[in-house]
2 protein chains.
Amino acid sequence: MRIKLPTMYDVAKLAGVSQPTVSRVLNRNDTSVPISDETRARVLAAVEQLGYRPNVAARSLRTQRTQTVALLIADLSNGFYQLLARAVQDVARKHDYEVLISSSDHLYENEKHFCEIVLRRGMDGVIMVPQRLSIHEMDHFLQQTQIPFVVLGRHIDHPRIDVVYVDDERAIYEATSWLIQKGSHSSIGFVGVPASLPPGLGRLQGFSRAVTEAGLTLDPRFMLEGDFTLEGGKRAAQTLIERGDFPSALVVINDLMAIGVILTLQEAGIRVPDDVAVMGFDDIPEATIVRPALTTIAQDPREIGQKLATSLFARLESGQSARRVLESPYKLIIRDSA
Amino acid sequence: MRIKLPTMYDVAKLAGVSQPTVSRVLNRNDTSVPISDETRARVLAAVEQLGYRPNVAARSLRTQRTQTVALLIADLSNGFYQLLARAVQDVARKHDYEVLISSSDHLYENEKHFCEIVLRRGMDGVIMVPQRLSIHEMDHFLQQTQIPFVVLGRHIDHPRIDVVYVDDERAIYEATSWLIQKGSHSSIGFVGVPASLPPGLGRLQGFSRAVTEAGLTLDPRFMLEGDFTLEGGKRAAQTLIERGDFPSALVVINDLMAIGVILTLQEAGIRVPDDVAVMGFDDIPEATIVRPALTTIAQDPREIGQKLATSLFARLESGQSARRVLESPYKLIIRDSA
DNA sequence: GAATTCGATGTAACCGAATACATGTATTCG
DNA sequence: CGAATACATGTATTCGGTTACATCGAATTC
C-alpha cells in the first residue's frame, strides 16, 4: 500500500558505506565511535538526496523506547484539560517526544483501554488524571511495566507514582468561608459529583467544613449532584427551580456546571448574584464570558501540566528515582457572580 | 528500563507450540489456516495466564501498518475542533484504530512537523485542516507515501485528496443578506483573518457579495482582521472603540472572535445588538453562554468529523478509489446578538 | 622492528511479530 | 493399496533499525 520509503540500507548503498555506518552518522551523539568527516559528509548528502526518514517502528522495536508518552485526561471538551494538555505537549516537544492524548470522559472502560494502549504501544511514560481506576488497579498496571507514572489530583500513596495535586479541600474551604462571611448567607447549597469521583469527596469535605465552622448546617435540599458538564449544571438548577426553593448561595464543584447553573437560574428569572450567588472552581476561559462573570477558584492548568511533564521527564531522562509529590497553587478569583 | 512483557515466544513455550502458531491463533480468524481446537485452547490459556499483549512496534514493522491515523486540526482550544476530533476518534475506535491528534495553532512549522511525524511513524492515514501548507507542498508530501489523505475546508483539486467542506461563501452570503434585510443596516463591518488563511478569503467574498448586492459599500474603516482567538476579537473591537466610530452591524469570521467583540463592546458601554449587531460563525458551545446569545452560522463538527473519518476508512478498509468531495451543511442560528 | 593502540568501518545478531514455505500425519479417492 | 489432498504445525525469513564485536591499516610505544 505504502510507497516504500528509503531505508538506511538505501542510503548506505548510495553513499558507498555499510548500513550501520549510516546509523552512526545519524546518531552522532555517541562520541565513542568516531567517524571520518568525509564519510559523514557522503552519508549526509545521501540522506538529503533520498529524503531519508528513520522508521520509528523499527527503532522502537530495537531500542524498546517509542519517544512517546501517553496522557489521559478526564474530558477533552473541558478548557481546563485542553490547557493542561497543551502544556504537557510543549514540554514533551522540547524533549523530542510525542504525546498521545486520550480522553476518558470519566468512563472506566476508557481508562482501562488507555492502560492497554500504553502497554501494547510501549509508551515510555504516562501522565493521567485517574477518575475510576482504583489504586489497586493502578498498582496492577505498574507491575507490568517500569515506566514512569505521574498522576494529577489524588493523594495517591504508591512508591512508583509521582503526584501533582491541588489542595481542593482547603481551596473550597477558604472560598466557602469567604463567601459566607462576605454575603452573610443563611443557607448555602452545593453542586457536586458522586463522591466516588476523585475531586468529589475532597471538595465536598472542604465545603462542609466551612459551613459547619460558620455555625450553619448542611441543608439536604440544597445538596445536588451533577456530572461535570454544562448540561449537568443546568439539570441541577432545574431541580431547584422545580422545587421553588433556593439557597442564597451555591458552591459548584466546577466552572462548567456553575455556568450551567447561572444560565438556567437566569432563564427562570432568578438574579445572580442578588438572589443566588454562584461560585465555581477551575477558572476556565468561559468563566470570563458568562455574565455575571464567574467568581471561582483558579487552578493553573499550564502550571500543572508543566509540573506533571517535568516530573515525568525528570525520571525519563535524568533517571530521577526519588518519589515526587508536588502541590500546585490555587487562588480565589473574585468576579461578579458571588 | 521496562520490564520485559511476555512475547509470543513465551506464550508458545508455555503452550508447548511454536511461535507462529500463537500468531495464527490470535489473528488468523480467517479459516484459511486451520488450527485444532485443542491447540487453540492451550494457546489462549497461556495468553491469559501470562497476560500477553502484542507488541505494536514489532507488528507495525512487519506489516507496514500502524493502526493509527493522524489528525491535524487548527486549534485544540477551539470547541469546534474538539467536537470534530472526538467524532473522528469515535469512528476510528470502531475500526480499531488510534488517532494521533495534533494542533497546528495555525503555524506553518507545526504543519510541517506533522507531515514529518506522519512519515516517520508510518501513520496509515491522514485527516487535516490545512492552514498554511500550499497545495504544492501537500502534493510533495503525497509523493512520498500512498496513504489516504482527507482534508477539511478547502476546494483542493488533487486526485489523491478527498475533501469535506462547508460552503462558507454561500453561508456568509446568506447570513449577511438576512442581516441587512432584517436590520436595515446602513453600514456593516467585517472581522476576518488574513486572506491567505483558508476560510479567510471565501468568507470575505461571501460577505462582500451580500453587501454590494444590497447596494451598500464596503467601508474600509470597518474591515478588521484578527487571528481566530478571543483575544483577537477583543483587539478588533478595541480598535473600533479607539476610533469611536461604529458600524451598525459586524459579521465576524468565527464565534470565538465574535464573543471577544461582544465582551469588549459591552465593556465600553455599547449595546449589542441595539447599537451594534454581531454575528458569528461556527456555533461553538460558548455561543450559548454569552449574553446576548450569539446569532451565528452553525456548522456541525460531529457531522464533519464523521464524514472525514468515514471517507478515510472507506479507503483504508474497503479500498475505495474514487475521489470523494463531500459537502457538509450549515444553518443560520438566530439568537439575540443580531 | 615487534607489539600495542587507535581510528574507521564492516559483520552479525537481535528486537517481536507476520508469513511464505516445508513437513509430516490422517483422510480420501481412484 | 498407492497417490492425492487436507489438516495441523514447525522452520526460516523478513521488516528497518541498533549495537556488540571483529577487522584492518596506520600511528604510537618500547
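Remember, it's a predicted structure, so these values are computed and weren't measured experimentally.
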Minimum-distance nucleotide (side-chain atoms of B:T21 versus C:dG10, D:dG10, D:dT18): D:dG10
Touch class at under 4.0 angstrom, heavy-atom based, for A:T39 against every strand present: sugar-phosphate
Derivation and outcome, side-chain contact (heavy atoms from CB on, under 4.5 Å), residues B:V43 and B:V17: CA-CA 8 Å; B:V43 168; B:V17 299; 4.0 Å; yes
Ring geometry between B:F141 and B:F149 (parallel below 30°, tilted from 30 to 60°, perpendicular above 60°): tilted
Sugar-phosphate, base or nothing in reach of A:V17, heavy atoms under 4.0 Å: sugar-phosphate
Out of C:dA8, C:dA18, D:dG17, whichever nucleotide has its closest atom nearest the side chain of A:N55: D:dG17
Nearest listed nucleotide, side chain of B:Q19, among D:dT9, C:dA18, D:dC15: C:dA18
Proximal nucleotide (of C:dG16, D:dG17, C:dA18) relative to the B:T7 side chain: C:dG16
Base partner of C:dA18, which must satisfy Watson-Crick or wobble distances under 3.5 Å: D:dT13
Touch class at under 4.0 angstrom, heavy-atom based, for B:R120 against every strand present: nothing
Gap between atoms CZ and C1', on B:R53 and C:dC15 respectively (whole Å): 19 Å
Donor + acceptor pair across side chains of B:Q143, B:D139 (<3.5 Å): yes
Student check: side-chain heavy atoms of B:D162 and B:V151 closer than 4.5 Å: no
First of B:D37 and B:T63 reached from the 5' end of DNA chain D, by closest nucleotide: B:D37
Distance-only polar pair, side chains of B:R132 and B:S104, donor-acceptor under 3.5 Å: no
Nucleotide D:dG16, atom P - distance to CZ of B:R121 in whole Å: 18 Å
Which residue lies more 5' along DNA chain D, comparing B:S18 with B:L61 via nearest heavy atoms: B:S18
Out of D:dT18, D:dC21, C:dA18, whichever nucleotide has its closest atom nearest the side chain of B:R62: C:dA18
Between A:Y108 and A:E137, a side-chain donor and acceptor under 3.5 Å: yes
Distance in angstrom units between B:Q67 CD and C:dA18 P, rounded: 11 Å
Whole angstrom value for the distance that separates C1' of C:dT9 from CZ of A:R24: 6 Å
Nearest-angstrom distance from the residue atom OH of A:Y9 to P of C:dT11: 10 Å
Spacing between B:R42 atom CZ and D:dA8 atom P, to the nearest angstrom: 14 Å
Sugar-phosphate only, base, or nothing, as touched by A:P20 at under 4.0 Å among non-hydrogen atoms: base
Atom pair distance, as rounded to whole Å: CG in A:L26 and P in D:dG16: 16 Å
Atom-to-atom span, CE of B:M8 to P of D:dT11 - whole angstrom: 17 Å
Listed nucleotide nearest any side-chain atom of B:S36, set D:dA8, D:dT11, D:dG16: D:dA8
